[in-house]
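The structure appears below as structure tokens.
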2 protein chains.
Amino acid sequence: MLELRHLRTLLTLREAGSLVEASERLHLTQSALSHQLKDLEQRLGTSLFVRKTKPIRFTTAGLRLLRLGDNVLPQVRQAERDLQRLSGGQAGRLHMAIECHSCFQWLMPTIDQFRNAWPEVEVDFASGFFFAPLPALARGELDLVVTSDPQDIPGLSYVPLFTYEAMLAIGNQHRLTERNHIEPQDLAGETLICYPVERNRLDIFTQFLEPAGVEPADVRNAELTIMMMQLVASGRGVCCLPSWAITEYLQRGYVSARPLGRDGLFGTLYAAVREDMLDMSYLQDFLLTAKDISFATLEGVTAKTVG
Amino acid sequence: MLELRHLRTLLTLREAGSLVEASERLHLTQSALSHQLKDLEQRLGTSLFVRKTKPIRFTTAGLRLLRLGDNVLPQVRQAERDLQRLSGGQAGRLHMAIECHSCFQWLMPTIDQFRNAWPEVEVDFASGFFFAPLPALARGELDLVVTSDPQDIPGLSYVPLFTYEAMLAIGNQHRLTERNHIEPQDLAGETLICYPVERNRLDIFTQFLEPAGVEPADVRNAELTIMMMQLVASGRGVCCLPSWAITEYLQRGYVSARPLGRDGLFGTLYAAVREDMLDMSYLQDFLLTAKDISFATLEGVTAKTVG
DNA sequence: GACAAATAATGAATCAAACTCATCATGTTA
DNA sequence: TAACATGATGAGTTTGATTCATTATTTGTC
């Protein structure tokens, strides 16, 4: 019923001040506008402007529609621009979020390098999401989510970035430093420090402790890796982290680390994207860059931490 | 090009999950939707959704348009509702602002009474505007402005509410208490306390001092009537106010007041409204109520202050 | 893997609307 | 009052949105 065409007409009319002038700007005839506005007024049951004045003056109803147009049309234009960029392929948007709590080391260089290669792409990065990032990705509010546990949401595709080893970080004086790998039973008397997320999204529970039926003595939360490291270093507990997240602290001798189980505990980090974005060139490039950089980082790390 | 119709279709399609279902909800045929969407996709140069899945899944471009629709369509509906109320006449909106700094005494009872009589009308009241209220009124952001100096803005109409006498408030010990009216020259040595607005919008300057070529010794600002009264009572200056604004303080003996000039200085308070709202019944009623109540208030006041 | 049921796409025909053209009515300016 | 500008109007044309009938695809079931 009411259409954007009408709002465009009204806004133009306000700027033009007369039907004749407005019709020229819209590449229509004066007659077309006269008819269009008359029809609209008829359907709405109100007059929208006073024709006898010069420049034209709007009624309260007309002003209300002008306000609507002022709010709505810029949004529409923005959306149209976004679509153009989408279909163009060169430019575009890459709004990211990370679900894993310690990806900064390899993600930041990736983003830097990507920004240089694709300056036209609008990159945005959000960490510390309150809302679930994967549904937001499906809704189109995000374009890429780094996560270690894929959920089956239609339309989403998970590209594996790399496999990492989860290791147990322990204080340098800790009794477990004598072992060269950790068994589930070893953690029965320990305080385990975790990121504040549900248990069933932590590999150490789902892959290691629960299969063996072991429960740690206590579970504490910490939001930042550095806080975990401080707690671990001071002997207040142990924590399970990807090896690359601990490297820095290992190198400085703050803490020690041991593999979980005889064969180690491995997880995979994925980039979740919408299926239909998979063939966009800039996204492909981002994924390749991410793999390259994270692989390079990871290589060094495993050598250091396993040795 | 892109029209609201398209957004409505897409939102319905998301809820329905298939073209068939969506076409029923929209009271169209499946074919119509298929054509409409195909055309739209062609014109935008992107596909908007994947047809092969069940329920239908949207592409990034489609999701972008859905977001647009989620933002835009509620606003459109709201505007349409507002227009309906406008053309109906029973319900409506009355957003007010006051330019005069001390109308509360008579305006509040007016609003109360009006609210009872027209519960369907959405009344809003803003004082202390930073932006100019009269242009906002012309733009349709406000519906009524109480002001004492009408500006000639096309489309605005000024309905006189009442005429008031501006009087000079002075401390009880002030030398001018001996006069029974004030001449311009009397203010040459005085500190004049005013509301913080431009001089040319204050009657005491434009109507009284400037014609006589007199300038007060000092001009101070105060935002609230009660602050002015305290300054006046403690002999720090004098101020010019509508008689009804001073009554309360006169009755309690805090200050004295004298007419300005032999014949007094009178001003008129207007309700500014948009011309085309003048014939709305609820507005007419508001204006009548305002006149009644302010007249009643004013009657009492003049008797008291002049005597 | 074949068949039925459901869903979407397509082409031609129809219909409605939006637009143009020509003209008239009104108001403004010189 | 003539000349001009602006807006309204009615008839005719064009566009494009919709329907109808049909075909192609996909999905689910035995």
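Letters A, B, ... mirror the listed sequences (proteins, then strands); counts begin at 1. None of these values were measured; they are calculated from a predicted model.
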Can you tell me the distance, in whole Å, between the CD atom of B/Glu24 and the C1' atom of C/dA8? 14 Å
Could you check whether the rings of A/Phe114 and A/Phe286 sit parallel, tilted or perpendicular, using 30° and 60° as the cut-offs? perpendicular
Picking from D/dA17, D/dG7, C/dC19, which would you name as closest to the side chain of A/Ala32? C/dC19
Please verify the inter-ring angle class for A/Tyr158 with A/Tyr270; under 30° counts as parallel, over 60° as perpendicular, anything in between as tilted. perpendicular
I need the CD-C1' distance between A/Gln42 and C/dA18, as an integer number of Å. 15 Å
Hey, does A/Leu28 reach any base, or is it just sugar-phosphate, or nothing, if we go heavy atoms under 4.0 Å? sugar-phosphate
Atom-pair distance (CZ on B/Arg5; C1' on D/dT18), nearest Å: 11 Å
Counting only side-chain N and O atoms of B/Lys38, is one of them less than 4.0 Å from OP1 or OP2 of C/dT10? yes
Could you tell me how far apart A/Arg57 (CZ) and D/dG7 (P) are, to the nearest whole angstrom? 14 Å
Out of D/dG7, C/dA9, D/dT19, minimum distance to the side chain of B/Leu19 belongs to C/dA9
In terms of side-chain geometry, is the basic nitrogen of B/Arg51 or B/Glu41 positioned less than 4.0 Å from the acidic oxygen of its partner? yes
Nearest-neighbour nucleotide for the A/Ser31 side chain, C/dA9, D/dA17, D/dT9 considered: D/dT9
Whole angstrom is fine here: how far is it from NE2 in A/His6 over to C1' in C/dC19? 13 Å
As a test of reading the structure: which of D/dT18, C/dA8, D/dA17 is closest to the side chain of B/Asp39, going by heavy atoms? D/dA17
Whole-Å distance, B/Leu48 CG to C/dA9 P, equals 12 Å
Taking the basic N atoms (NZ, or NE/NH1/NH2) and the acidic carboxylate oxygens, is any pair closer than 4.0 Å for A/Asp82 and A/Arg93? no
Could you tell me the separation between the NE2 atom of A/His27 and the P atom of C/dT20, rounded to a whole number of Å? 12 Å
Closest to the A/Ile56 side chain: C/dT20, D/dG7, D/dA17? D/dG7
For D/dG7, does the base pair up with any side-chain atom of A/His35 as donor and acceptor (N or O, under 3.5 Å, distance only)? no
When you measure from the side-chain N and O atoms of A/Arg51 to the phosphate of D/dA8, is any distance below 4.0 Å, counting only OP1 and OP2? yes
Carboxylate-amine/guanidinium contact B/Arg67 A/Glu141, below 4.0 Å: no
I want to check one thing: is the phosphate of C/dA9, taken as OP1 and OP2, less than 4.0 Å away from some side-chain N or O of B/Gln30? no
Whole angstroms only, please: what is the CD-P distance between A/Glu21 and D/dC4? 20 Å
Report yes if a side-chain nitrogen or oxygen of B/Ser34 is closer than 4.0 Å to either non-bridging phosphate oxygen (OP1 or OP2) of C/dA9; otherwise report no. yes
A/Ser18, nearest nucleotide to its side chain (from C/dA9, D/dG7, C/dT7): D/dG7
